[in-house]
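Reviewing the structure listed below.
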Amino acid sequence: VSLPLLQQQAVESRVGLPADQARPRKSLETLWQEKHGSLDGLNAAIAERYEQSVAEAFQEIRDKVEPAPAADAGNRTVLVEVFTNAFCQPCVAADLATEVLSRDLPPAEAIVLQYHNHAPGPDPLTCMDGEARATFYKSENKPTVLVDGQPIPNVGGFFVPQHLEMAYRNLRLFVDLRLKSSTDVVITPQAEAADGKLNVNVAVDGLTEEQ
């Protein structure tokens, strides 16, 4: 019940079985109520189990993958963009792999942006900016992960250790290459909040005429 989309997979696997068979959530509620006398604390226990499972998965990935390049290996800030969907089962590995990356690398080294789109199903987290960005990249399949505008293969999968490790390794392969490179272009952003508005100015130096 606590792990991403696993309950949905369990329900889908019941096709053809009697309709009166309890779903995982209902079975859990019955067992919890028998033990504790009410459903108090159940949601907190599910959330705790989820956080524990994710933390264990993240640590397992970190233990198997080489550390990121040193901060002074290059001077780039890498942009990672993720196109996902709340109903997309193979998106789980991509979502968690990019979450590990955002937790392990500071924003000065890697910026992770996540866009939700209405594919393969309606997604309440979708917004017009995310849809416009997907159109810009012609992103139709989910998940789609790009590093500095370049699509990364083999980052999809379910909440299983092999899929998470594969997704993170493939992501880091491209991110590390960019982190080790340097550029003469310097982008300096400034932001100021005033009167309920956010004003952002960006200065770009080092561009050639061709750029």
Side-chain angles (χ1 to χ4, degrees), residues 54-55 57-85 90-117 125-157 161 163-194 197-211:
V54 171
F58 284 6
Q59 191 56 51
E60 186 172 345
I61 291 174
R62 293 186 182 101
D63 292 342
K64 291 184 178 181
V65 180
E66 293 295 323
D72 59 354
N75 69 350
R76 290 184 181 274
T77 298
V78 181
L79 175 62
V80 179
E81 296 174 278
V82 187
F83 294 89
T84 186
N85 177 266
C91 290
V92 173
D95 291 336
L96 292 179
T98 50
E99 178 68 16
V100 176
L101 187 77
S102 66
R103 294 189 184 189
D104 289 350
L105 294 179
E109 296 181 31
I111 297 174
V112 177
L113 300 179
Q114 189 179 75
Y115 308 99
H116 282 248
N117 296 153
L125 297 178
T126 299
C127 66
M128 293 181 63
D129 291 336
E131 294 282 271
R133 195 63 172 168
T135 300
F136 172 79
Y137 281 123
K138 298 180 174 63
S139 170
E140 297 180 357
N141 298 322
K142 305 297 178 291
T144 296
V145 179
L146 302 102
V147 173
D148 285 345
Q150 298 299 314
I152 307 304
N154 301 322
V155 290
H163 292 186
L164 298 179
E165 181 182 345
M166 178 193 69
Y168 188 66
R169 283 186 181 277
N170 290 335
L171 176 63
R172 277 282 307 280
L173 176 65
F174 287 83
V175 169
D176 289 2
L177 287 174
R178 299 296 289 174
L179 287 175
K180 294 176 182 177
S181 65
S182 297
T183 177
D184 293 329
V185 178
V186 178
I187 301 175
T188 307
Q190 290 183 331
E192 180 182 359
K197 296 182 179 180
L198 181 65
N199 299 313
V200 179
N201 294 303
V202 179
V204 181
D205 300 308
L207 290 174
T208 65
E209 292 184 2
E210 290 79 9
Q211 292 173 316

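Quick note: residue numbers are just sequence positions, from 1.
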Could you state the interatomic distance from [atom1] ([X]) to [atom2] ([Y]), rounded to the nearest 0.5 Å?
X    : Y    : atom1 : atom2 : result
L177 : R172 : CG    : CZ    : 11.0 Å
F83  : H116 : CZ    : NE2   : 11.5 Å
D205 : D184 : CG    : CG    : 11.5 Å
E66  : L173 : CD    : CG    : 12.5 Å

How far apart are the closest heavy atoms of [X] and [Y], and which atoms are they?
X    : Y    : value
L164 : A93  : CD2-CA, 3.6 Å
K142 : E140 : NZ-O, 3.3 Å
P69  : D176 : CD-OD1, 3.3 Å
P143 : C91  : N-SG, 3.5 Å
N170 : F174 : O-CD1, 3.2 Å
G157 : H163 : CA-ND1, 3.5 Å

Could you tell me if the side chain of [Y] sits less than 4.5 Å from the side chain of [X], heavy atoms only?
X    : Y    : value
L146 : Y137 : yes
N117 : E131 : yes
D104 : Y168 : yes
Q59  : D63  : yes
F58  : V54  : yes
K64  : R169 : yes

Given T84, which partner from the list T144, D95, T98 fulfils the side-chain hydrogen bond (donor to acceptor under 3.5 Å, both in side chains) test? D95
Test L101 against every option in L96, V80, V82 by the side-chain contact (heavy atoms from CB on, under 4.5 Å) rule and name the one that passes.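 Testing each of L96, V80, V82 against L101, the sole residue satisfying side-chain contact (heavy atoms from CB on, under 4.5 Å) is V80.
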Can you establish whether the number of heavy atoms outside L125 located under 6.0 Å from its atom CG is more than 12?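 Yes - once you tally the heavy atoms of other residues, nucleotides and ligands closer than 6.0 Å, there are more than 12.
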Output every pair passing side chain to side chain donor-acceptor pair (under 3.5 Å) with a member in residues 71-80, not counting sequence neighbours, ordered by first then second residue. R76-S181
Pairs in or reaching into residues 146-155: which pass side chain to side chain donor-acceptor pair (under 3.5 Å), with residues at least two apart or in two chains?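 Found D148-R178.
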Residues in salt bridge (charged side-chain N to carboxylate O under 4.0 Å, His left out) with K180, at least two apart?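 Applying salt bridge (charged side-chain N to carboxylate O under 4.0 Å, His left out) to K180 gives none.
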